[in-house]
A.B. asks: 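The structure follows.
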Amino acid sequence: MTKAVELGATLYIPVQHPRLAEVLAGANADLRSVVICLEDSLHEADVGAAQAVFSDTLQSLADAPPQLIAYARPRNPAMLTWMQAQPGVERLAGFVLPKITKGNLPDWLARLETFTHGIMPTIESAEAFDRMALSHMAAVLQPLGDRVHAVRIGGNDILNLLGVRRSRERTAYDGPLGLAITTMASVFLPEGMALSAPVFEHYAQSDLLREEVARDIDHGLLTKTAIHPMQVGIIHEALRPSPSEADEARAILAREACAVFGHGGSMCEPTTHARWAAGVLDRVAVHGLRGAIPGVSEQPTRVA
């Protein structure tokens, strides 16, 4: 089973990119997941040539399996069916399903019934703001269980509907995209489905990217789309919990933990904080700790 936190920064790469084979072979040691894109990154006139490259890439993976978690993003349901017929498709972890709506989701899923691949549906329409539509999609996806590796947020497509572009000076949460993210989080996360945070397109703004990942974590989003290799390390560093966070998480999940106790100046309550604590330790297992580990860990103390 692939957990969303294991994906880290998921790099989107066009299928015709000259370094695709190197990326799949593990050229970027910090990269954990990649999406081979045959959708928005591809001009309609280049579809035939791109499909030939995709077929060749899959066949090459038969002899040299990908060194990371690899997905493919088709343009439409018909292309998904074509992809599933290609030799070597079993080397992929799954498919990213683009532009998912309440209306077209059944068609996509019907084409996956006889396969065991994971999926990552991408919501990038006005339904991102529609709680009823999102709840309907969550109910349809729920029976697939662990096959839904994450639900992806198509940030740029959502903003395009409004005729705006994300700021170079503020995070996604400080504009209209923030409403879509919080609405989707409130629908999918309680159902046990992970969300993937939207792309940060201004790849030269590394400090703002760090701030945005911190906001992602605050909203329960533990994996993020990347569109440039230089973003991968920054995202992974931002996803690393601090030693004090890890200590607190371990104290909350300890068998001997009190019902309520103090730790580092904060109240801890395992009944309500256990899921958060498990997520912190998942991030530690995947990304490690931020900075040096203190020699002495603070011991939990009972809250009066």
Side-chain angles (χ1 to χ4, degrees), residues 1-42 46-47 49-77 79-100 108 111-112 114-122 144 146-154 194-199 222-233 235-236 239 286-287:
M1 179 187 77
T2 298
K3 297 175 67 173
V5 69
E6 296 171 352
L7 304 178
T10 301
L11 182 66
Y12 273 61
I13 184 167
V15 69
Q16 293 177 303
H17 194 286
R19 295 190 64 241
L20 175 60
E22 295 176 44
V23 171
L24 293 173
N28 184 338
D30 202 25
L31 184 63
R32 295 185 178 87
S33 61
V34 65
V35 175
I36 305 168
C37 183
L38 283 84
E39 200 225 357
D40 283 349
S41 65
L42 186 64
D46 297 327
V47 170
Q51 286 182 287
V53 173
F54 181 77
S55 294
D56 291 343
T57 299
L58 285 184
Q59 292 185 42
S60 69
L61 294 181
D63 298 322
Q67 299 303 299
L68 34 72
I69 306 170
Y71 298 85
R73 180 165 73 161
R75 295 175 79 79
N76 48 48
M79 183 179 279
L80 171 62
T81 298
W82 172 83
M83 285 179 170
Q84 292 170 317
Q86 303 308 302
V89 72
E90 66 278 359
R91 297 291 188 181
L92 298 178
F95 301 97
V96 172
L97 312 181
K99 297 179 174 56
I100 292 302
W108 283 100
R111 296 168 185 264
L112 290 156
T114 58
F115 290 81
T116 58
H117 284 94
I119 61 169
M120 292 198 286
T122 307
L144 284 96
D146 294 339
R147 287 189 65 189
V148 183
H149 293 177
V151 176
R152 308 193 73 85
I153 301 173
L195 284 178
S196 176
V199 65
L222 306 183
T223 177
K224 189 174 185 67
T225 300
I227 46 88
H228 194 286
M230 68 183 294
Q231 294 182 320
V232 174
I235 292 171
H236 288 171
L239 286 170
V286 174
H287 303 291

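This chain uses plain numbering: 1 for the first residue, then up along the sequence.
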A.B. asks: So, taking the atom named CD in E90 and the one named CD in Q84, what distance separates them when rounded to the nearest 0.5 Å?
C.D. replies: 12.5 Å
A.B. asks: Find the distance between CZ (R19) and CG (L24) and round it off to the nearest 0.5 Å.
C.D. replies: 11.0 Å
A.B. asks: Distance from L92 atom CG to M83 atom CE, nearest 0.5 Å?
C.D. replies: 8.5 Å
A.B. asks: Can you sort out the partners of D40 under salt bridge (Lys or Arg N to Asp or Glu O under 4.0 Å), two or more places apart, ordered by chain and number?
C.D. replies: K99
A.B. asks: Return the minimal non-hydrogen interatomic distance between Q86 and S55, and the atom names on each side.
C.D. replies: OE1-OG, 3.0 Å
A.B. asks: Any side-chain heavy-atom pair from L80 and L112 closer than 4.5 angstrom?
C.D. replies: yes
A.B. asks: Is a side-chain donor or acceptor of R75 paired with a backbone partner of V47 at a separation under 3.5 angstrom?
C.D. replies: no
A.B. asks: Compare all side-chain heavy atoms of H17 with those of V23 and state whether any distance is below 4.5 angstrom.
C.D. replies: no
A.B. asks: Is there a donor-acceptor pair closer than 3.5 Å between any side-chain N or O of H236 and the backbone N or O of A9?
C.D. replies: yes
A.B. asks: Is any side-chain heavy atom of P74 closer than 4.5 Å to a side-chain heavy atom of W108?
C.D. replies: yes
A.B. asks: So how far is it from I227 CD1 to Y12 OH, rounded to the nearest 0.5 Å?
C.D. replies: 12.0 Å
A.B. asks: Between H287 (side chain) and G8 (backbone), is there a donor-acceptor pair under 3.5 Å?
C.D. replies: no
A.B. asks: Which value, rounded to the nearest 0.5 Å, describes the distance between L68 atom CG and D30 atom CG?
C.D. replies: 11.5 Å
A.B. asks: What closest approach, in Å, do T10 and L7 show between heavy atoms, and which atom pair accounts for it?
C.D. replies: OG1-CB, 3.6 Å
A.B. asks: Heavy-atom distance under 4.5 Å between the side chains of V232 and R32, does that happen here?
C.D. replies: no
A.B. asks: Report the C-alpha distance between E39 and M79 in whole Å, list the side-chain angles of each, state the deciding distance to 0.1 Å, and finish with yes or no for side chain to side chain contact (heavy atoms under 4.5 Å, CB included).
C.D. replies: CA-CA 10 Å; E39 200 225 357; M79 183 179 279; over 6 Å; no
A.B. asks: Can you find a pair of side-chain heavy atoms, one from L42 and one from P14, that are under 4.5 Å apart?
C.D. replies: no
A.B. asks: Looking at P198 and K224, what are the two nearest heavy atoms and their distance?
C.D. replies: O-NZ, 2.8 Å
A.B. asks: Tell me if a side-chain donor or acceptor on S196 pairs with a main-chain N or O of V151 at a distance below 3.5 Å.
C.D. replies: no
A.B. asks: Looking only at non-hydrogen atoms, find the nearest pair between H149 and A194 and report the distance.
C.D. replies: O-CB, 4.2 Å
A.B. asks: Is E6 salt-bridged to K3, going by a charged N under 4.0 Å from an acidic O?
C.D. replies: no
A.B. asks: Which heavy atom of V286 sits nearest to which heavy atom of V5, and what is that distance?
C.D. replies: CG1-O, 3.7 Å
A.B. asks: How many angstroms lie between atom SG of C37 and atom CG of L20, to the nearest 0.5 angstrom?
C.D. replies: 11.5 Å
A.B. asks: Which pair of heavy atoms, one from I100 and one from P121, lies closest together, and at what distance?
C.D. replies: CG1-CB, 3.9 Å
